[in-house]
Structure formats: structure tokens, C-alpha cells
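Numbering of residues begins at 1 and proceeds along the displayed sequence. Indexing begins at 1, ligand by ligand and atom by atom, following the structure's order. What you see is a predicted model; the values in this text were computed from it and never measured.
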Amino acid sequence: MTDTHDKLNLLEFDMKKMQNFFADLGEKAFRASQVTQWIHQHGIDDISNMTNLSKDLRARVSEIAEVSVPKIVADQQSTDGTRKWLMQLDDGNSVEAVFIPEDDRGTLCISSQVGCTLNCSFCHTAQQGFNRNLSAAEIIAQLWVARRALGWVRNDDRIISNVVFMGMGEPLLNFDNVITAVNIMKDDMAYGLSKRRITISTSGVVPMMTQLKELSDVSLAVSLHATDDELRNELVPINNKYPIRELLDACWEYVADEPRRMVTFEYVMLDGINDSDLHARQLLQLLQGMPAKVNLIPFNPFEGTRYKRSSNNRINRFRDILMEAGLVTITRRTRGDDIDAACGQLAGNVNDRTRRSIRINRAAGG
Ligand code: SAH
């Protein structure tokens, strides 16, 4: 990344943008499909190797564009097969992506922002502060890089079958870039992932949930974590702006007129905080009638946290209460915690701007 900075990055383009790019060059739309396939199905990042384009066209494209991929600076493998990559962005920040293999699927967990603005009290990413949104290229590059590291395979026996936006950041606060990246994931000329196998997890940015329904059709996961506003204000501070009632209304709206759609509710199990029988019954009441399932996440501790993980007995009891009432509940297995790859442990390297600006304001008496 030296003299190439002013070039367009072809990873930025979903099919529509790629078609516009070739239209501007006076080329036919099918060029967009060819180049998309080279990049996202064959893992080719050197335009001169895209051999079904004429030499002349390859030269013209190379003059103004490139495929620029973040460098992998760390690649760790957990004893359970989970794999985590640290990717260096070209401004000194870095983000992490995690691959979680299971019997019937392979899930890639990706980031949408460098750091996060939301400050959830039990999340390690929050401690890193916030720097910026990831570009669409940087989001899709996580999938591209993971595919390369796992070995490019034919489309019909792909290893990465699911993608979840559960890494660093709040995807709905980086809406346009996330949607562009999702378009590429879904495109048959690219990764061809079904909409149900792409999950956007949100802490509850209510207005963007409405927009999401209008613009995309992916699976939605909501980080609920509490059954009353007082506790949720503390755990997930954006609740002060969009309280539980409004959040659940937005969930109802998301499933309306979509008979097969369900909302997944994530619920982190914090010892003595939100894990009592009463909390379970309150949760049932909140979700009554909604096409929903619950994902219990055993809290993953990190240095300096004041929270503890609920005991296995407690988690099982909590799950049983929900299950006995007919609510599908899964306890998320803790994966990759020996390499800090579990939920809420992703950190990357965030050159924090928010905190710095707060400090500067304070110093200036602001
Ligand atoms: N900002 C989005 C996605 C990122 S986090 C969101 O809030 O949904 C993905 C999930 O991991 C969220 O449910 C989040 O609340 C949870 N999580 C964060 N820190 C955690 C921790 N230390 N232990 C367990 N789960 C955690």
C-alpha cells in the first residue's frame, strides 16, 4: 500500500456498483459478473490474472483500480478449532474476525467498526473506545481473507456457511457499508450465502431496524440482556435512548408479514445480575407470542471486569424455564476463549479517538 492509495478498491463494490464502474468505462454489464467472480469466488487479487478480460481492459482497469486486502498480522488457532485473524488496516488500526467450525456449519464472525461507541458495561470492545466505521471493502475483506486462509473451495462445498456481525462494533451504526457488504455476501456471483445465514446483531438501534427491514432481509439478532429498563440502561446504555418497549415493537415490525422469520435474542448470563428464575419468567413475558428464540451467552470475562459468569447450573435452570414454556433456547457454547476469540473478547487495536477527544475537552474545560 504505497503508490496505490488513490486507486479505487474493487472490494468496495457490490454488483450494482461494479456495473456502474464498468458502465463508466464503456463496458458491458457482464464484465461486472466476471470480475466479481474472479475476486470473490476465485480469490484473485491481481487484475492482470483475470484472464477472460482482454489485456487492454485489464490494463485500463489496473490503472484506476486494484483489489486491496488488509494484511493478516496474527493468525491464532484454538484447541477447539476456532481460528482468529488480526487484520491490519492501512491507518494503523486493526480488527479481528473469528471462524467457528461446527459439525453442520462454519460460522465467520466479523466486525463492522474499529471499536464501538455503545459502551456496554460487560463488553471488552467497549473498553477500547471507538475510532471509525469500517468501509464496505474492509468488511467484505474479512470474509475474503478468511476464505483465503481456509483455502478457496468450490462454491457448493464452501466451508464458511454462515456470517454473523457479532465482532467489534454496532453494525446498524455503519448501515450503508454493512448493507453493501451483505449484498456481496448474498450475490450468487460472489459468495451466494442465503439471507438466513447472514445475521446482523444489534444492541437495539431502533430506527435502523426499520430501515434494515426495508433494505435487506437478513436474520436479526438483538442483544437484550435484561428484562427491565433500569438494568438494561446500565448494561446496554443505548437503552436510555431506545427502551425495551420500543425495541420489542421494532422486533415485532421486523417479523411482520414474514411468516418464516424469527428474531434471535441474545442474553448474556451474568452471575447474580440478570440470571434469576424471576428474570427468566420476565423474559418469557416480554417475548410472549413473538416468533423468537433465545441465545444464552455465558459471560466471557476479561481483565478488569466487575462481572462473573453464571454457573452452569444456573444457566441450565434458566434455559429450562424458557424451554418448558415453549421458547426455543440455546446456550451458546464458549468457543475459542483460550485465544480471546469468544463473544465480547474481540479487541483488535483501536486508536481511540472518542476518549482522546473527551480528554482534550476536559483539559480545555469542556
Ligand atoms: N454491537 C452488536 C454486535 C456485537 S457483540 C450487538 O450489541 O449486538 C455480539 C454479542 O456478544 C452481543 O450480544 C454482545 O452483547 C455479546 N457480548 C459482548 N461482550 C460479551 C462478553 N464479555 N461475554 C459474552 N457476550 C458478550
Inset, instruction - Using a strict cut-off of 4.0 Å, indicate which atoms of ligand 1 neighbour a heavy atom of G169. - result: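 Within the 4.0 Å cut-off of G169, ligand 1 contributes 1 (N), 2 (C), 3 (C), 4 (C).
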Inset, instruction - For N300, take its heavy atoms, then give the atoms of ligand 1 lying under 4.0 Å from any of them. - result: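 Matching atoms, with element in brackets: 21 (C), 22 (N), 23 (N), 24 (C).
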Part of [X] within contact of ligand 1 (heavy atoms, under 4.0 Å):
| X | answer |
| --- | --- |
| V268 | side chain |
| E266 | side chain |
| V222 | neither |

Legend entry - N or O contact, S201 vs ligand 1, cut-off under 3.5 Å: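 So ligand 1 has an N or O lying under 3.5 Å from an N or O of S201.
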Legend entry - Donor-acceptor side-chain pairing of S311 and N313 below 3.5 angstrom: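 No, because no side-chain N or O of S311 sits under 3.5 Å from a partner of the opposite role on N313.
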Legend entry - Side-chain H-bond candidate by donor/acceptor type, S112 with E170, under 3.5 Å: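 No, E170 and S112 have no side-chain donor paired with an acceptor closer than 3.5 Å.
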Inset, instruction - May I ask whether H225 places a heavy atom under 4.0 Å from ligand 1? - result: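 So H225 counts as touching ligand 1.
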Inset, instruction - Determine, using heavy atoms of F165 and all atoms of ligand 1, whether some pair is separated by less than 4.0 Å. - result: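 Checking ligand 1 against F165, which is what was asked, there is a heavy-atom contact under 4.0 Å.
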Inset, instruction - For the pair D217 and K186, find out whether any cationic side-chain nitrogen is under 4.0 Å from an anionic carboxylate oxygen. - result: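 Salt bridge present between D217 and K186.
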Inset, instruction - Please check if the side chain of Y242 supplies one atom and the backbone of P207 the other of a donor-acceptor pair under 3.5 Å. - result: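 Side chain of Y242 to backbone of P207: no pair is present.
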Legend entry - Proximity winner for atom 6 (C) of ligand 1, if only heavy atoms of G167, S112, S223, C109 are counted: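 Closest candidate by heavy-atom distance is S223.
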Inset, instruction - State yes or no: are the ring centers of Y267 and H279 separated by less than 6.0 Å? - result: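 Centroid distance Y267-H279: not below 6.0 Å, so no.
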Inset, instruction - Report yes if the side chains of V67 and D46 come closer than 4.5 Å at any heavy-atom pair, otherwise no. - result: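 Side-chain contact under 4.5 Å: no.
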